[in-house]
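Contents: one structure, followed by commentary.
Residue numbers begin at 1 in each chain, while the letters A, B, ... track the order of the sequences. Bear in mind that the values here come from a model prediction, so they are computed numbers and not experimental data. Side chains are part of it too, since the values below use all heavy atoms of this structure and drop only hydrogens, waters and symmetry mates.
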There are 4 protein chains.
Amino acid sequence: MSTKTSTGRQSGTGRRAELLALAARLFAERGFVLTTVRDIAEAAGILSGSLYHHFDSKESMADEILRGFLDELFGTYAEIVAAELGPRKTLEAVVVASFESIHAHPAEVAIYQNEAKHLAQLERFAYLDERNREFRDLWNAILAEGVRTGAFRADLDIELVYRFIRDTVWVAVRWYNPDGPLSAHDVAEQYLGILLDGIATRRRPVRKG
Amino acid sequence: MSTKTSTGRQSGTGRRAELLALAARLFAERGFVLTTVRDIAEAAGILSGSLYHHFDSKESMADEILRGFLDELFGTYAEIVAAELGPRKTLEAVVVASFESIHAHPAEVAIYQNEAKHLAQLERFAYLDERNREFRDLWNAILAEGVRTGAFRADLDIELVYRFIRDTVWVAVRWYNPDGPLSAHDVAEQYLGILLDGIATRRRPVRKG
Amino acid sequence: MSTKTSTGRQSGTGRRAELLALAARLFAERGFVLTTVRDIAEAAGILSGSLYHHFDSKESMADEILRGFLDELFGTYAEIVAAELGPRKTLEAVVVASFESIHAHPAEVAIYQNEAKHLAQLERFAYLDERNREFRDLWNAILAEGVRTGAFRADLDIELVYRFIRDTVWVAVRWYNPDGPLSAHDVAEQYLGILLDGIATRRRPVRKG
Amino acid sequence: MSTKTSTGRQSGTGRRAELLALAARLFAERGFVLTTVRDIAEAAGILSGSLYHHFDSKESMADEILRGFLDELFGTYAEIVAAELGPRKTLEAVVVASFESIHAHPAEVAIYQNEAKHLAQLERFAYLDERNREFRDLWNAILAEGVRTGAFRADLDIELVYRFIRDTVWVAVRWYNPDGPLSAHDVAEQYLGILLDGIATRRRPVRKG
DNA sequence: CATGAATGAGTATTCATTCAT
DNA sequence: AATGAATGAATACTCATTCAT
């Protein structure tokens, strides 16, 4: 039992952390359901039963992976909010931080993206829905504040904008390659360019106002 | 055997179509792997073995669902392109058509979104990758043309913009509710507003021009 | 699902009944835990997975076996009580009925004896404790009535006597052989002889009174 | 290896005895099969692997427990027989000694009762069957002698009476509570009362004489 | 068209036991 | 004496699929 409890957050003690990283990669690649416990064990060079010396179930591996990742991510968000940069800079910082988290933890983000809906039905993963709510609140606050201060257009459907942003940012994990030529910053910058100013040219801005 | 071949495209012959629709809904809700043949059979009020009188495998059900949906969707895209509306109008039409397909075939889109990566590894689903290429070419053409004609900003990374658009549009299937207050057109309009002009206000439009 | 529901009591429909009888015999011989699902399947000449076409778990087999047996047994007890034979005759009838049930359903009695304590911890087997209480009430009523009418000795610790009788009767399943020379009636008669009059000779009954 | 041999009988050397006592309690409560080596280790506050420093297997723990208990019990029986008290007093003494052993070693008796049948199939537990035979011989001798001397009724089926007594006495371990209000002597006395004189009142003792 | 019985390969998990440290 | 990591064999159960009726 003692070995099976996650020791705070430091990603566990040696072997445990290695195994979690392996599991995370496989869950991300093949999906949680299609990744067998044997797959993970084999990747680690041990027998499937031996995994249970470290974790009490496949589920608890996913739990530990997601919990740790989300704690870190939302810690970062909290820091950004605490800095009180104003809506536009806050929005930029949150987008950048999100793409950076895709860069640093692609497997974890992929699991969060692909398995959350399914896992959230289990009691033990109730925090997934909580985090979703938290994220939604964060964005609604940023956007509402921006509209109030005049930084963002007044005609926005905030809820809809939030959804578009959330989806575009996180789904990027499907194609973003941490080892590719584009850094997380590059991608964030491009996206912010589009999000803030659109892709259309401004020939006759007078016309629209 | 004769009955097990999809009879062209007319959505199958009665019972067959019913069963496919049921399967599609379940695949969309629970995912392809987590939906058991028994789930589908039970939903249809028959025993699981009886399904094999209509289809020769679970895979071939997904195949038929996706093939039919994609044929229809790309037919629509082809019509739009054939109309030669110019880059901006074409872009708008493609976005609208995509949201409309989410509205009309939410289950099919969801399956396409969630299972394509996994299914595409099977030979029989090779057309999924082809369709993806087709879609990518479509968008690259629209965007490149738009940049050339000056409709779109010249500093865009076209490949990246394509990805952002693709992701945002299709992932909307996760939250879009066909029975909700927002029509596909409403959503498309809002999205196009953001995509084309951005969410930021234009304090100094002079600067950009 | 439809096939997995016990159809009242008639011991199921054909195959189902056969399998239950096999399972009962094995549970009785080796114990519930040591009897593997494969053991049962092999005894039936099928593969272990095929058992799940008929029952949804090993537990539910034991459940069905015990439930059916106890329903029958307590039905018999109820009839005896309803006949209002007076304490002594009632006691005799209950003892005889019990030995007869050992004769007719040795496997079921053995399972009841050996596994009840363990199974009763599971919610689904809550009725086991209920039946135990019912049985205890039955005996306490018989004995108390007998003491009141003077049929039984007044110095008896009724609770203790009940336990002795219960244990002796049921544990007989461990050695009673339905195919042996002693019928259930023979055994019941011998036991009743001892229970009612003792094994000691009555040289000087005056002395005791 | 040297430490893994039971050191005569003195209940082991400290730690060893403690562990055996723990194991005995768990075996009695949950049964031998359902008690895991980890259960025992955890109860002792060590890891399961560490138990193998003391014992070479789970089986050998049960072996040591039963062997020690039976040696002591049959020692007591031998003393009683050696005292040559006559059939009735001998019977009383054996019954009392048996209930006393339930009082002093409830866990051991429970294991003997519940696991003997299963364990006796293993070579190393061959002595269980021997002890059973010994016990049967003891009782048959007492009862036969009693019938011969006229102490017991002549119409008894000795083998049957032996079984009834054996069962009733040992199965009492299932409900007897060493810390309850009834002492082993109380229970023995009540049981002997029933066994010797029956529970029925003597309306016409003349008839029997 | 559908049933009901079965297959066979796989899946997570358990557990007694071993052994280097 | 004890730990911690691992083995290997077994266990209950699942599920897509087949096929005689």
Distance in angstrom units between [X] [atom1] and [N] [atom2], rounded:
X	N	atom1	atom2	result
B:Leu122	F:dA16	CG	C1'	14 Å
C:Leu26	F:dT11	CG	P	13 Å
C:Ile40	F:dA12	CD1	C1'	11 Å
C:Leu34	E:dA16	CG	P	12 Å
B:Glu18	E:dC1	CD	P	11 Å
C:Phe55	E:dA5	CZ	P	11 Å
A:Met61	E:dT13	CE	C1'	11 Å
D:Glu42	E:dC15	CD	P	11 Å

Pair assignment for DNA chain E - dot-bracket with | for other-strand partners, Watson-Crick or G-U under 3.5 Å: .||||||||||||||||||||

Decide yes or no for [X] and [Y]: does some side-chain heavy atom of the first lie under 4.5 Å from some side-chain heavy atom of the second?
X	Y	value
A:Leu128	A:Leu70	yes
D:Leu122	D:Asp63	no
D:Phe69	D:Val109	yes
D:Glu64	D:Arg16	yes
A:Ile40	A:Leu19	no
A:Ile111	A:Phe32	no

Measure all distances between protein nitrogen or oxygen atoms and nitrogen or oxygen atoms of nucleotides 6-9 of chain F, and list the pairs falling under 3.5 Å.
| from | atom 1 | to | atom 2 | distance (Å) |
| --- | --- | --- | --- | --- |
| F:dA6 | OP1 | A:Arg15 | NE | 3.0 |
| F:dA6 | OP1 | A:Arg15 | NH2 | 3.2 |
| F:dA6 | OP2 | A:Arg15 | NE | 3.4 |
| F:dA6 | OP2 | A:His54 | NE2 | 2.9 |
| F:dT7 | OP2 | A:Leu47 | N | 2.8 |
| F:dT7 | OP2 | A:Ser50 | OG | 2.8 |

Exceeds 12 heavy-atom contacts within 6.0 angstrom, atom CZ of C:Arg38: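 Count not over threshold, so no.
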
Comparing D:Val37 and A:Thr36 on DNA chain E - which has the more 5′ nearest nucleotide: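 First, find each residue's nearest nucleotide; the 5'-ward one identifies A:Thr36.
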
Listed nucleotide nearest any side-chain atom of A:Tyr52, set F:dA12, E:dT13, F:dC15: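 The nucleotide sitting nearest to the side chain is E:dT13.
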
Listed nucleotide nearest any side-chain atom of A:Ser57, set F:dT11, E:dT13, F:dC15: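 Between F:dT11, E:dT13, F:dC15, the one nearest the side chain of A:Ser57 would be E:dT13.
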
C:Glu18/C:Arg15 under salt bridge (Lys or Arg N to Asp or Glu O under 4.0 Å): CA gap, chis, key distance, verdict: CA-CA 5 Å; C:Glu18 276 179 62; C:Arg15 192 68 173 130; 3.1 Å; yes

B:Thr36 side chain to B:Asp39 backbone, donor-acceptor under 3.5 Å: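 Flag set: sc B:Thr36 to bb B:Asp39 pair under 3.5 Å.
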
Sugar-phosphate, base or nothing in reach of C:Thr35, heavy atoms under 4.0 Å: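 Sugar-phosphate, no base atom in range.
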
5' precedence on DNA chain F between C:Phe32 and B:Lys58 (nearest-nucleotide basis):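 In this pair, the answer is C:Phe32.
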
